[in-house]
Every structure is written in C-alpha cells, then in structure tokens.
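Letters A, B, ... mirror the listed sequences (proteins, then strands); counts begin at 1.
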Amino acid sequence: MKDSVYRAPKGTRDLVWPDSERRRSFINLFAEIAGSSGYAEIVLPMFEHREVFQRLGDGTDVVRKEMYDFEDKGGRNIALRPEQTASIVRSYVENRPSLPWKVWYAGPNFRYERAQKGRFRQFDQVGLEALGPEDPHLDIEVIAIAWRFYEALGLRKVNLQLNSIGTSQDRVRYIEALSRYLENQKEFLSKESQDTFAVNPLRVLDSKRDEDVQVISEAPSILDHLSDGAQSHFNEVQEGLEKLAIPYIVKPTLVRGLDYYVKTTFEFTSESIDAAQDAIGGGGRYDGLAAEMGAPETPGVGFALGLDRTLMACDAEKSFPEPEHMLEIFVVDTTGGANALVITDELRQEGFKVDRSFDDRSMKAQMKAADKSGAKIAVIVGDDEVSNGVVTIRDLRGKGGQEEIASESMIADLRKKLR
RNA sequence: GUGGCCGUAGCUCAGCCCGGUUAGAGCACCUGUUUGUGGUACAGGAUGUCGGGGGUUCAAAUCCCCUCGGUCACCCCA
C-alpha cells in the first residue's frame with residue numbers, strides 16, 4: 001500500500017467522474033426545486049467560531065465528541081461546521097435580512113467520528129431554512145419540498161417520521177416526567193443508556209438497544225405533554241400533509257440529536273439502503289435559536305438531506321443513474337496532431353463535447369481511445385483527407401459505417417448527426 | 001471512544017491453515033495478427049518494497065509481536 005500520508009484522510013474520499021458529475025446533477029436538481037419555491041442560495045463559511053455550534057447543545061454528541069475543532073494562528077477557537085443550520089442562523093443574526101428569509105444551501109460538513117458505510121468525516125448535505133413565520137404551513141412547505149425532491153430523484157421507498165417535541169416549556173415538563181419514569185426503571189436500562197440518562201434524558205429515547213426497547217415503549221409520551229399551542233400546531237402540520245397526500249408516521253420517540261428543535265421534528269429514512277445508516281434527511285423547527293444568538297425572537301424551520309446516503313438509496317432503487325458519457329466526438333489525426341489541434345478547437349467552440357489523443361499514437365491506438373471515450377462519432381484526418389480537403393466521419397456506436405465529408409460542411413453534418 | 005473482518009500487480013482477488021523452485025489469475029494497459037480504422041477473437045509484453053517495523057528460522061507473503069491503514073458494526077447521526 002502507499003504511504004499513509006499520500007491518501008485521503010480517514011473518512012474522506014475523492015469523487016471522480018461519474019460520481020462527481022452525479023453529485024453536481026443532484027445539487028442542480030435540488031437548486032431547481034428549492035429555487036422555484038422562493039428559496040435563494042446561500043454560501044456559508046465552512047468554519048465558524050466554535051461557540052456558534054455550541055448552540056447545538058452541550059449534551060449532544062455532535063458537540064461533545066464529533067466537533068472538528070482547532071485553534072487557529074490567532075488563538076481563535078474554530079470548528080469546521082458539523083451542519084449548516086447554526087451557521088445560517090448566525091448569518092441571520094449578523095445580517096438581519098428582511099423576513100421571511102428563505103435560503104437553500106449545498107456543501108460539505110465535518111464531524112470527527114469513526115467512518116462507516118454511509119458515514120464520513122466530510123459529507124455533503126443539501127438543505128434549506130426558512131426564518132420568520134411561525135405558521136405551520138411553513139413546516140408543511142419545507143417537508144413537502146424535501147418529499148417532492150425525493151420523488152424527483154425517483155425514490156419510492158422513503159418514510160417520513162414526524163413528531164412534535166413541544167415548546168421549550170413543554171419539554172421541561174416532559175423531561176421531568178420522563179426522568180421520574182426512567183429513574184424508576186433505571187436498573188432495566190443498558191449501561192450506555194444509564195450514562196445517557198445522566199447527561200440528556202431525552203436522548204435515551206433514541207436508543208435501539210434491545211434491553212432499552214421495553215422501557216422506552218412504556219415511557220411517558222411527549223405527545224401527552226404538549227401545550228395547547230404546540231398541539232394545534234402539530235395538528236395543522238398533520239392535516240396539511242394529508243391535504244398534500246404526503247404519507248407520514250408519527251413517532252413520539254423521535255427527538256433528534258440537536259437541542260435547538262421545538263415543536264415539529266421529522267426524519268426521512270430509506271427502506272432500500274443496505275447499511276445501518278438509513279436516515280437520509282431530517283429537520284425541524286427551531287424558534288428559539290436566533291434569540292439565543294442575540295437576535296429578537298425569530299422562528300425558523302428547515303431540513304438537511306445527506307447527499308451520499310440519498311445517492312446510496314438511489315443506487316439501491318436504480319434511480320437517478322450516473323451519467324454514461326462525457327463526449328460526443330473524438331478526433332483521430334494520423335498526420336502528427338496539428339489537424340486535431342485545430343479541429344478540436346473549432347468543434348469545441350461550436351459547443352460539441354470533443355477530445356483527441358496526444359503523443360502522435362498509431363491510428364489503431366487512437367481508434368481504441370476513441371472507442372473507450374464513449375464518443376458517438378470519430379472525426380478522422382489523415383494524409384488522404386488533407387490532400388482531398390475532406391474529413392472522415394465514422395460512427396462509433398452502431399456497425400461502424402463511415403463517410404467522407406468536405407471539410408467546410410463538417411460542422412453542419414455533425415450537428416445534423418448529433419443534435 | 002469500543003468490537004469484528006481485511007491489507008499480495010492500476011483494479012478484483014488466489015496463495016497463508018500444513019514456511020522451501022524465477023509470487024499467480026482475471027480485468028485494465030501496451031504491441032502485433034490487420035500496407036491509415038475501435039468495439040469480437042487470438043498471440044505476445046510490461047507491472048509487485050506480498051501495508052510498515054521487529055522477531056523466530058538454514059529459509060517468511062506464509063508463524064509470533066508491535067504498528068499503520070481500510071472496512072463493517074456499536075454509539076449517534078446525514
């Protein structure tokens with residue numbers, strides 16, 4: 001194996017064609033859908049002052065063990081962003097755009113954790129956030145955009161899990177009730193969950209360990225602790241989803257890993273992913289976050305979708321296929337390359353996707369390269385063509401017929417064949 | 001942070017248990033069969049610090065120890 005220094009660091013990898021192009025198409029499709037819903041792109045810094053992400057919650061794993069942080073040369077505590085919602089709210093607090101403020105984003109996030117299938121230290125997300133309205137219609141819009149995006153990708157086996165975790169006051173009351181219950185059941189909990197309980201009782205509900213399942217299933221439900229306002233908000237969200245025919249299941253134990261959520265939380269999972277990591281997207285409402293960062297109370301709601309995991313689901317469902325070819329035309333020149341130089345440039349200026357060989361290789365080698373390139377047509381120039389003022393146009397896809405075309409009509413002919 | 005599995009040619013892997021001829025296969029690559037013509041076939045060719053270090057031995061890809069890396073899972077999340 002190569003020296004371990006000259007390889008991508010743990011949890012990162014190179015995306016080369018066709019994966020790189022598929023990623024770009026994915027983001028383009030998302031941009032189209034978000035853009036046509038009134039969301040504008042925002043490009044954020046990839047790192048922030050660590051305190052920005054501290055807002056995700058001191059008891060969360062993201063803050064406690066997954067923060068990719070360091071001190072810069074100026075002595076500042078910097079963290080690579082583990083997600084973008086906090087950055088967006090920071091940007092809102094800093095720039096105070098007029099409301100409602102609807103933005104979408106795409107780009108890498110960073111979490112320092114052990115990589116596994118569908119989990120990387122650098123991973124791409126697309127997402128959007130809407131700040132201002134408290135209206136449950138906005139929750140519905142946000143969920144619907146994600147849902148329509150999955151549909152546009154061709155995904156069929158996506159499940160929407162929905163919950164409300166109430167207002168922060170509701171949650172305080174709920175956590176009291178939950179803690180009382182868990183305290184009594186403590187001996188039946190796994191050791192890990194007992195530790196979790198001490199740090200953040202809510203997160204015990206997330207445990208998938210067999211010992212905990214029974215205790216969790218009989219635990220008090222957050223849905224029994226919602227205030228009237230939160231309850232009617234939740235009801236409206238559900239009614240709206242039904243109006244849009246978006247199927248969902250209410251999952252009272254869905255608390256999500258970040259502390260800033262209130263009221264609506266949701267998560268998308270894929271049934272088709274063959275890996276432990278099947279959550280392909282998630283989000284919720286965070287009405288208190290802007291105020292925590294020093295702005296007036298400003299409600300917000302949004303989601304983020306994992307690009308890699310979503311594409312894993314696409315692979316499994318054979319949807320959103322990778323591109324097949326990059327090229328249309330391959331220029332073969334047996335006169336030393338000078339003709340290829342001019343012809344490829346000319347064709348490229350005309351908008352064709354064109355490549356050629358270098359190093360004056362044999363015609364056979366050039367034809368092989370033409371075939372491998374996936375191009376549909378070879379434009380062949382040899383001494384005969386040059387002296388007759390023609391080029392040979394050869395079909396690379398079908399049986400391989402070819403014809404000579406006068407150089408002047410080459411572009412018109414190729415346009416006819418390819419467009 | 002914890003555990004399982006795996007590191008041999010550019011890629012996928014065999015060989016390792018039972019140490020011993022020049023370390024193999026397929027794919028990919030290059031050349032030719034083809035006096036300008038790819039995709040099929042055939043013939044030939046190039047390619048390896050057997051992840052790294054140490055140890056045992058007359059002899060290590062093969063046995064032992066350490067280490068680095070990858071991968072999957074737990075935790076948790078996208």
Hey, is the main chain of A:I273 close enough, under 3.5 Å, to the side chain of A:D278 for a donor-acceptor pair? no

For A:A304, which residues count as a side chain to side chain contact (heavy atoms under 4.5 Å, CB included) partner, sequence neighbours excluded? A:Y105, A:Q125

Nearest-angstrom distance, [atom1] atom, [N] to [M]:
N	M	atom1	answer
B:rA25	B:rG70	C1'	24 Å
B:rU62	B:rU56	P	15 Å
B:rU47	B:rG53	P	22 Å
B:rG48	B:rG39	C1'	31 Å
B:rC11	B:rC50	P	15 Å
B:rC16	B:rG7	C1'	13 Å
B:rC17	B:rU22	C1'	26 Å
B:rC65	B:rC29	P	42 Å

Between [atom2] on [N] and [atom1] on [X], what's the gap in Å once rounded to a whole number?
X	N	atom1	atom2	result
A:D259	B:rC76	CG	P	14 Å
A:Y68	B:rA78	OH	C1'	17 Å
A:D195	B:rG1	CG	P	18 Å
A:E113	B:rA78	CD	C1'	9 Å
A:L254	B:rC76	CG	P	14 Å
A:M363	B:rU35	CE	C1'	13 Å
A:F30	B:rA78	CZ	P	15 Å
A:N200	B:rC75	CG	C1'	14 Å

Side-chain H-bond candidate by donor/acceptor type, A:N28 with A:S25, under 3.5 Å: no

Between A:R173 and A:Q169, do the side chains contain a donor N or O and an acceptor N or O under 3.5 Å apart? no

[N] base / [X] side chain donor-acceptor hit below 3.5 Å:
X	N	answer
A:Q116	B:rG70	no
A:R119	B:rC76	yes
A:R13	B:rG70	no

Summarise how protein sits on nucleotides 39-45 of chain B as a single string, 5' to 3': B when a protein heavy atom is under 4.0 Å from the base, S for sugar-phosphate-only contact, - for no contact. B------

[X] near the nucleic acid: base, sugar-phosphate alone, or nothing, with a heavy-atom cut-off under 4.0 Å?
X	result
A:Q122	nothing
A:F268	nothing
A:G118	base
A:N109	nothing
A:G382	base
A:V381	base
A:E83	nothing
A:A369	nothing

Looking only at side-chain atoms of A:R114, point me to the closest of B:rA78, B:rG1, B:rU37. B:rG1

Compare the minimum distances between each of B:rC76, B:rA73, B:rG36 and the side chain of A:I380, then state the nucleotide with the smallest one. B:rG36

Please tabulate, one pair per line, all N/O donor-acceptor pairs under 3.5 Å involving side-chain atoms of residues 36-46 of chain A, not counting sequence neighbours.
from: A:S36; atom 1: OG; to: A:E32; atom 2: O; distance (Å): 2.9
from: A:S36; atom 1: OG; to: A:I33; atom 2: O; distance (Å): 3.2
from: A:S37; atom 1: OG; to: A:I33; atom 2: O; distance (Å): 2.9
from: A:Y39; atom 1: OH; to: A:E141; atom 2: OE2; distance (Å): 2.7

Under 30°, 30 to 60°, or over 60°: which ring-plane class applies to A:F268 and A:W147, parallel, tilted or perpendicular? tilted

Ring-plane angle category for A:W101 and A:Y92, please: parallel below 30°, perpendicular beyond 60°, tilted otherwise. tilted

Let's see if you get this right: which residues in residues 402-419 of chain A place a heavy atom under 4.0 Å from RNA chain B? A:Q402

Before accepting this row, confirm whether a basic side-chain N of the pair A:R13/A:D308 lies closer than 4.0 Å to the acidic partner's carboxylate O. yes

Any strand is fair game: report the nucleotide pairing with [N] by Watson-Crick or G-U wobble, both distances under 3.5 Å, or none.
N	value
B:rA60	none
B:rC74	B:rG1
B:rA41	B:rU33

Under 4.5 Å between any side-chain heavy atoms of A:L162 and A:L254, yes or no? no

Show which side-chain atoms of residues 402-419 of chain A pair as donor or acceptor with protein atoms under 3.5 Å away, not counting sequence neighbours.
from: A:Q402; atom 1: OE1; to: A:R394; atom 2: NH1; distance (Å): 2.6
from: A:E403; atom 1: OE2; to: A:K417; atom 2: NZ; distance (Å): 2.7
from: A:S407; atom 1: OG; to: A:G389; atom 2: O; distance (Å): 3.2
from: A:S409; atom 1: OG; to: A:A406; atom 2: O; distance (Å): 3.1
from: A:D413; atom 1: OD1; to: A:K417; atom 2: NZ; distance (Å): 3.3
from: A:D413; atom 1: OD2; to: A:K417; atom 2: NZ; distance (Å): 2.9
from: A:R415; atom 1: NH2; to: A:E350; atom 2: OE1; distance (Å): 2.8
from: A:R419; atom 1: NH1; to: A:E328; atom 2: OE2; distance (Å): 2.8
from: A:R419; atom 1: NH2; to: A:G351; atom 2: O; distance (Å): 3.3

First of A:K372 and A:G306 reached from the 5' end of RNA chain B, by closest nucleotide: A:K372

With nearest nucleotide decided by heavy atoms, which residue, A:T392 or A:R361, maps closer to the 5′ end of RNA chain B? A:R361

Pair listing, side-chain hydrogen bond (donor to acceptor under 3.5 Å, both in side chains) test, anchored in residues 368-387 of chain A, at least two apart: A:E385-A:T392

Dump the intermediate steps for ring pair (Phe, Tyr, Trp, His ring centres under 6.0 Å) on A:F120 and A:F110, then the final yes or no. CA-CA 8 Å; A:F120 306 93; A:F110 307 85; over 10 Å; no

